[in-house]
Structure formats: structure tokens, C-alpha cells
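Structure first, commentary second.
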Amino acid sequence: ISGSNHLAAIEDEGATNVDETVVLPEAKKISLPLYERAKVNVGRMKEPHERYTKNVAEIVTSIVQQEGLIHTDEVARRYTEAHGKSKTGSRIKGKVEEGLRWARGEGSIESRDGFWGTMDQFTNPTPRNRGQESGSIVSAEYIPMPEIEKCIELIRAESGMISEDELVKEVARGQESGSIVSAEYIP
């Protein structure tokens, strides 16, 4: 015996050489569209909190249609910016919330869990690349659950079985970098 750590070659007369290399398909990269902020210009003729509620409803509906699914706070920020202002105070936020409720009553937009969108935006959400954004829009609480669920659906469609840890990483990567990669297969 020359040692138990050395393997001796064993020849089997009936054996054939079989390549047992397993080749996994290359990961597919799925690109997500850039997050686009609503662009609305309403002029500076009126202060944002002094507009009629119906007029505010028209403005916030335009914001939601362009940018939805969007958090209430972000709608208020876009409304503030549309008036050339930089700070959203309590009067402006209150007026925006009033306008959002009016628009919802008209049936043009919907609200779920603090997010606003059209029926189509809630039914067919689009995961978006927030990698070039900054501020609250990149925080987890400002990413709507339907968008996260759609991202998960896209990943699972490409990856099959995927560990929860890998799934969370891919969803976060998609929101941050704009692309998701079908992850490792789980045996």
C-alpha cells in the first residue's frame, strides 16, 4: 500500500468515456426601463395651495398618469415642482391629497396602500430602473408592491426555481441598476 490518499486507476472493460459536464444555460439579462418623473408645468400665476380642487385634481391626474404607480408624497413633490417651488409644505400636501381624492372620485385614478395609479398601471405594473434617481424615490417604502411583484414574476419566469435570498438580491439589483439576471437554478 502506497497510501490511502492516492487513487489507483481502475479500468473497467465495459466502460465508455462519458463527458459528465453539466452545462447550464447562460443567464439572461432583462433590462428595465428608466424611472421617468412626470413633467408638468402649470405656470406661476397661482400659489399651489390656492387652486380650485378640480384644477388640482386635473394636475395630479396628469402626474399619476405619467409617473404612476407613485406614492402620495411623490405626487405632492411633482405638484410643488410644477409650480416652481422647492418645498412641499403642509398646505400644499393637503391640497394635493384633496385633489387626489377628487380624481379618485371621478374614476380617473386609484389608490392602494399609499400609491396612486390608473387601473392599467395597477393591473400591469412596470418594474423601473431607479439607478439614476436620488432621494426618497429609491427608498423601499416608495417602491409599490405591484412593481416588486412584477419584478419577481419576471425573474421566476426566466430562472425557474430560485432561492429567496437570490430573489431578493435580483429584485434589489433591478430597482438599482435597471437589469435583472435570471439567477442560479436550485436543484
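Just so you know, residue 1 is the first one in the sequence shown, and it goes up from there. Only this structure's heavy atoms are used, side chains among them; waters, hydrogens and symmetry mates stay out.
- Looking at R112 and P146, their side chains never come closer than 4.5 Å, going by heavy atoms from C-beta outward.
- Within 6.0 Å of CG on D113 lie no more than 12 heavy atoms contributed by other residues, nucleotides or ligands.
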Inset, instruction - Might you work through the side chain to side chain contact (heavy atoms under 4.5 Å, CB included) test for V56 and E98, ending with a clear yes or no? - result: CA-CA 8 Å; V56 174; E98 215 177 286; over 6 Å; no
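- Atom CD1 of I70 is separated from atom OG of S111 by 12.0 Å, given to the nearest 0.5 angstrom.
- The distance from atom NZ of K150 to atom CE of M145, rounded to the nearest 0.5 Å, is 15.5 Å.
- Side-chain atoms of Y79 come within 3.5 Å of backbone N or O of P48 as a donor-acceptor pair.
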Inset, instruction - Start with the C-alpha gap between E67 and E36, add the side-chain angles, then the distance that decides, and say whether side chain to side chain contact (heavy atoms under 4.5 Å, CB included) holds. - result: CA-CA 7 Å; E67 192 172 336; E36 291 186 37; over 6 Å; no
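- Residues R37 and E133 have side chains in contact (heavy-atom distance under 4.5 Å, counting atoms from C-beta outward).
- Looking at E97 and T72, their side chains never bring a donor and an acceptor atom within 3.5 Å of each other.
- Residue K46 places its NZ atom among more than 12 non-hydrogen atoms of other residues, nucleotides or ligands, all under 6.0 Å distant.
- The OG1 atom of T88 sits 9.0 Å away from atom CD of E74, with the distance rounded to the nearest 0.5 Å.
- Annotation: side chain of K95 is in contact with side chain of T53 (closest heavy-atom distance under 4.5 Å).
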Inset, instruction - Could you go through the side chain to side chain contact (heavy atoms under 4.5 Å, CB included) check for I92 and H83 one step at a time? - result: CA-CA 11 Å; I92 294 174; H83 286 84; over 6 Å; no
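- In this view, A103 and A57, T61, S108, I109 satisfy the side-chain contact (heavy atoms from CB on, under 4.5 Å) rule, not counting sequence neighbours.
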